[in-house]
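I have placed the structure first, in the form of structure tokens, so that the comments after it can refer back to it.
All chains are named by letter (A, B, ...) in the order of the sequence lines, taking the proteins before the strands, and each is independently numbered beginning at 1.
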There are 2 protein chains.
Amino acid sequence: MPKVKVLSAPSVRRLPSYLLITRAALEEGLQYISATRIASELELEPIQVRKDLAITGIVGKPKKGYPVEELVNAIVHFLRWDEVNNAILVGAGHLGSALIGFPGFRSHGLNFVAAFDNSPQKAGTRIHDVPVYSLDKLQEKVSEMKIALAVLTVPRDIAQDLTDLLVSAGILAIWNFTNFKVRTPEHVVVQNEDLSSGFAMLCVKRRIMELA
Amino acid sequence: MPKVKVLSAPSVRRLPSYLLITRAALEEGLQYISATRIASELELEPIQVRKDLAITGIVGKPKKGYPVEELVNAIVHFLRWDEVNNAILVGAGHLGSALIGFPGFRSHGLNFVAAFDNSPQKAGTRIHDVPVYSLDKLQEKVSEMKIALAVLTVPRDIAQDLTDLLVSAGILAIWNFTNFKVRTPEHVVVQNEDLSSGFAMLCVKRRIMELA
DNA sequence: TAGATTGTTAATCGATTAACAATC
DNA sequence: TAGATTGTTAATCGATTAACAATC
């Protein structure tokens, strides 16, 4: 029986950057890549990289490092980025449109199949080749296409209403770019993104720099 | 002599969400708001909210909570969101355009005054009323307008070159949305955003949910 | 072989949570 | 007053870092 892995959020968050570097090494035709090298490219400690990579199950070779191709596969599989995830976008504003067109997401198995917006002008159009529907088609399309994942980019004040709609349509995972803390039943997972928090960090770093 | 505050990154990152809730309380006309209430809206522990708010210097009243107006001011001042920060956007693609138009940033003192892009079609146009210039105007405009802050939304492979350009133009802070770890001199602060890391978190949460 | 690197076990560091006196 | 809440001090928890034997 497989032991329940302990999830370390900071480690998981660093994996995508390791994947990028390892993929670049693969392109270069390298056989092995060491934690030391990954660490130096990202200005991290090698021990941290080794600890993080361990959660994917990869086994390295002393003196050489990690086999590049296996490492790519290990990270990709750990993140389930080796399976296509059909997703919908809810709220086809500027941010949502940018996310649909984001080139990197393709390689993460993130595949937008439909967008929904309450603006009548947008229904019937396409954004980055993804069809936009009116919100009242959401329920139907989600069950018809068996979608599990939704990206939420709507104004804060309708975030909860749309979340409720998504949940009742059968959505199981919500990537929430509104800054509203939406409530969901236990079986629905939510990942909240808050752009302001990054900006807050930048501002505080500047303040510290000025004081120094 | 003011003691050097210890910066707790997680605390700083939570402040913007406290600010939103406190501003809403201000709109409602409330005099006081308790950490208990803020915590329950965000599904956090009250003790965590009190600890976080303490870094802003706010002093609450036992039994009542924090004076709403003072709390808004304390957070806003701690983050330096009470001063206008003129900023430039480098890379006027979809994400960059979305960021320029993001309504919340206005209230954070983030004021875009120019955008730069190497595409000749974009130079001379406007994005959300912000003029777009060709990249070779960057140096000139930055020093002319005394800009300290740049938002970087360019492809990964030119991130370092543009960072070097920004640094030599005198930029002091870079909000980096590329997934490349750019190198800068010590006096330049950088905040890296990685959209993929949030998606990685969502994927791992889903996996755990499925196993449970 | 010698030296670089891995993976494990232990130590340190920092963030969160708990306990509780003070207080309005 | 009684009870809710603050702010401080202490305890716990988890993440990072250090130390080091194993190894190719």
Side-chain angles (χ1 to χ4, degrees), chain A residues 3-15 17-18 21-22 25 30-72 74-75 78 197 200-201 204-205 208, chain B residues 3-15 17-18 21-22 25 30-72 74-75 78 197 200-201 204-205 208:
Chain A
K3 241 199 278 176
V4 174
K5 286 249 180 58
V6 178
L7 169 134
S8 162
S11 297
V12 171
R13 285 184 170 281
R14 284 186 292 264
L15 290 179
S17 59
Y18 301 162
I21 286 169
T22 312
L30 292 180
Q31 295 284 311
Y32 290 90
I33 187 167
S34 69
T36 313
R37 173 160 166 198
I38 294 175
S40 89
E41 290 200 29
L42 295 169
E43 296 181 318
L44 300 173
E45 295 300 319
I47 175 62
Q48 186 169 59
V49 175
R50 280 180 286 162
K51 268 276 161 71
D52 289 344
L53 292 180
I55 68 175
T56 69
I58 188 75
V59 174
K61 271 205 178 32
K63 169 110 174 137
K64 302 187 130 183
Y66 301 88
V68 169
E69 202 174 338
E70 271 182 52
L71 180 52
V72 168
I75 298 174
F78 178 80
S197 77
M201 280 299 298
V204 170
K205 284 178 186 171
I208 290 170
Chain B
K3 241 197 282 177
V4 175
K5 287 249 179 60
V6 178
L7 169 135
S8 162
S11 297
V12 171
R13 286 185 170 280
R14 283 186 293 263
L15 290 178
S17 60
Y18 302 162
I21 287 169
T22 311
L30 293 179
Q31 296 284 312
Y32 290 89
I33 187 167
S34 69
T36 313
R37 173 160 165 197
I38 295 175
S40 89
E41 290 200 29
L42 295 169
E43 295 181 319
L44 299 174
E45 295 300 318
I47 175 62
Q48 185 168 60
V49 175
R50 279 180 285 158
K51 268 275 160 72
D52 289 344
L53 292 180
I55 69 175
T56 69
I58 188 75
V59 174
K61 271 204 179 31
K63 169 113 173 135
K64 300 187 133 183
Y66 301 87
V68 169
E69 203 173 338
E70 271 182 53
L71 181 52
V72 168
I75 297 173
F78 178 80
S197 77
M201 280 299 298
V204 170
K205 284 179 186 171
I208 290 170

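Summarising the geometry of B:F78 relative to A:V204, their closest heavy-atom pair is CE2-CG2, 3.9 Å, with the distance given to 0.1 Å. Taking every heavy atom of both residues into account, A:D52 and A:Y18 meet most closely at OD2-OH, 2.6 Å. Between B:A35 and B:R50, the shortest heavy-atom distance links the atoms CB-CG, 3.5 Å. Across all non-hydrogen atoms, the minimal contact from A:P62 to A:G60 is CD-O, 3.9 Å. Residues B:T22 and B:I38 come closest through the heavy atom pair OG1-CD1, 4.1 Å.
For the strand DNA chain C, secondary-structure stems (runs of at least three Watson-Crick or G-U pairs, all distances below 3.5 Å) span C:3-24 with D:3-24.
Judged as a side chain to side chain donor-acceptor pair (under 3.5 Å), and not counting sequence neighbours, B:K51 has no contacts. Every residue was checked against the side chain to side chain donor-acceptor pair (under 3.5 Å) condition with B:Q48, not counting sequence neighbours, and none meets it. Listed by chain and residue number, nothing satisfies the salt bridge (Lys or Arg N to Asp or Glu O under 4.0 Å) test with B:R13 (two or more places apart in sequence, or in another chain).
The distance between atom CD of B:E45 and atom P of D:dG14, rounded to the nearest whole Å, is 14 Å. One can place CG of A:L44 at 16 Å from P of D:dA15, the figure rounded to the nearest angstrom. The distance between atom CZ of B:R13 and atom C1' of C:dT16, rounded to the nearest whole Å, is 17 Å. Taking atom CD on A:Q48 and atom P on D:dA18, their separation rounds to 11 Å, with Å as the unit.
Contact annotation for B:R37: no contact, since no heavy-atom pair falls under 4.0 Å across all strands.
At most 12 non-hydrogen atoms from other residues, nucleotides or ligands lie less than 6.0 angstrom from NZ of B:K61.
Within the 4.5 Å cutoff, the side chain of B:I21 has no heavy atoms near those of the B:V49 side chain.
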Contacts under 3.5 Å, N or O only, protein and nucleotides 11-13 of chain C:
none

- Assign a letter to each nucleotide of nucleotides 3-10 of chain D from its 5' end: B, base within under 4.0 Å of a protein heavy atom; S, sugar-phosphate only; -, no contact. BBBBBBBB

- Evaluate side chain to side chain contact (heavy atoms under 4.5 Å, CB included) for B:E70 paired with B:I58, printing each intermediate quantity in order. CA-CA 7 Å; B:E70 271 182 53; B:I58 188 75; 3.8 Å; yes

